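Remarks on the structure that follows.
Computed over heavy atoms, backbone and side chain alike; hydrogens, waters and symmetry mates excluded. Everything numeric in this text was worked out from a predicted model, so none of it was measured. Order of the sequence lines fixes the chain letters, A, B, ..., with proteins taken first and strands second; residue numbering starts at 1 for each chain.
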Amino acid sequence: GAVVSQHPSWVICKSGTSVKIECRSLDFQATTMFWYRQFPKQSLMLMATSNEGSKATYEQGVEKDKFLINHASLTLSTLTVTSAHPEDSSFYICSATVGTSGMGTQYFGPGTRLTVL
Amino acid sequence: GNSVTQMEGPVTLSEEAFLTINCTYTATGYPSLFWYVQYPGEGLQLLLKATKADDKGSNKGFEATYRKETTSFHLEKGSVQVSDSAVYFCALSDGNKLVFGAGTILRVKS
């Protein structure tokens, strides 16, 4: 149980285009989802916390107009990278928690590799 | 702010060797501490956790003890296997968020 999927697993796009990444909790309802960014040989950096039905809370330094997050249902959150540029190339990972407080164990998706040309 | 420092890798060991991956943290209050493992091509999986000082988390032969006096949570395993090759992340809880260390690559040779 507690499986989180991401789609796509990798994507290549041209500079200036937008890319949408989906994060789904397959066998549980996740009221809180988290979006991370991982640079090569570096740690995961939290980008934002997403609660179902409300606006995402972004970490300091993360552009909310560039990284649009929508958490429309208890099993789906999406991250849209708008007007992508090469510096947005990275590994994006989502996680989801079971329960309503967001304090439970985080279950991670396999990640999405974004390459912007 | 809260932070986690892990030993740099890669760590390369022969099968059945003893493993230690060091992790120290800086935090206000008393966070929960975690070890996550990321196998090639997969997402992070919770390996073990400890929620208060002197707690020992253990799973799959791995263990780590929450040491408040040294602000450490070192990961150990008595005899590693090739299948343990992965990236290991130490993390602490900061409210409902996780703060991760940089990760340590472990390579186990047969």
Of all heavy-atom pairs between [X] and [Y], which one has the smallest distance, and what is that distance?
| X | Y | answer |
| --- | --- | --- |
| A/S43 | B/A102 | CB-CA, 3.5 Å |
| A/Q38 | B/F89 | NE2-CZ, 3.4 Å |
| A/F91 | B/Q38 | CE2-NE2, 4.1 Å |

Please check if the number of heavy atoms outside [X] that lie under 6.0 Å from its [atom1] is greater than 12.
| X | atom1 | result |
| --- | --- | --- |
| A/E59 | CD | yes |
| B/E42 | CD | yes |
| B/M7 | CE | yes |
| A/K66 | NZ | yes |
| B/Y30 | OH | no |

Should [X] and [Y] be regarded as members of a common hydrophobic cluster, given that ILVMFWY residues are connected when their side-chain heavy atoms come within less than 4.5 Å of each other, either directly or indirectly?
| X | Y | value |
| --- | --- | --- |
| B/L92 | A/L44 | no |
| B/L75 | B/L13 | yes |
| B/W35 | B/L19 | yes |
| B/I21 | B/Y25 | yes |
| A/L76 | A/F67 | no |

message = Checking one residue: A/F39. Which other hydrophobic residues are in its cluster under the side-chain 4.5 Å linking rule?
response =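 When side chains under 4.5 Å apart are linked, A/F39 ends up in no cluster with other residues.
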task = Could you please state which residues from residues 5-16 of chain A sit under 4.5 angstrom from chain B, measuring non-hydrogen atom to non-hydrogen atom, sorted by number, or 'none'?
result = none
ask   = What residues of residues 80-89 of chain A sit under 4.5 Å from chain B when you count only heavy atoms?
value =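 Those residues of residues 80-89 of chain A which would need a heavy atom under 4.5 Å from chain B do not exist here.
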task = Taking the side chain as every heavy atom from C-beta outward, state whether A/Y36 and B/L98 have any atom pair closer than 4.5 Å.
result =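 In contact.
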request  = Report the residues that fulfil ring-ring contact (aromatic ring centres under 6.0 Å, His included) with B/Y36, sequence neighbours left out, ordered by chain and then residue number.
outcome  =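 Partners of B/Y36 by the ring-ring contact (aromatic ring centres under 6.0 Å, His included) criterion, ordered by chain and then number, come out as A/F108, B/F100.
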ask   = Non-hydrogen atoms of chain A under 4.5 Å away: do they reach the side chain of B/L44, the backbone, both or neither?
value =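 Its backbone and side chain both get close to chain A.
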request  = Answer with side chain, backbone, both or neither: which region of A/L46 has an atom nearer than 4.5 Å to a non-hydrogen atom of chain B?
outcome  =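 For A/L46, side-chain heavy atoms alone lie under 4.5 Å from chain B.
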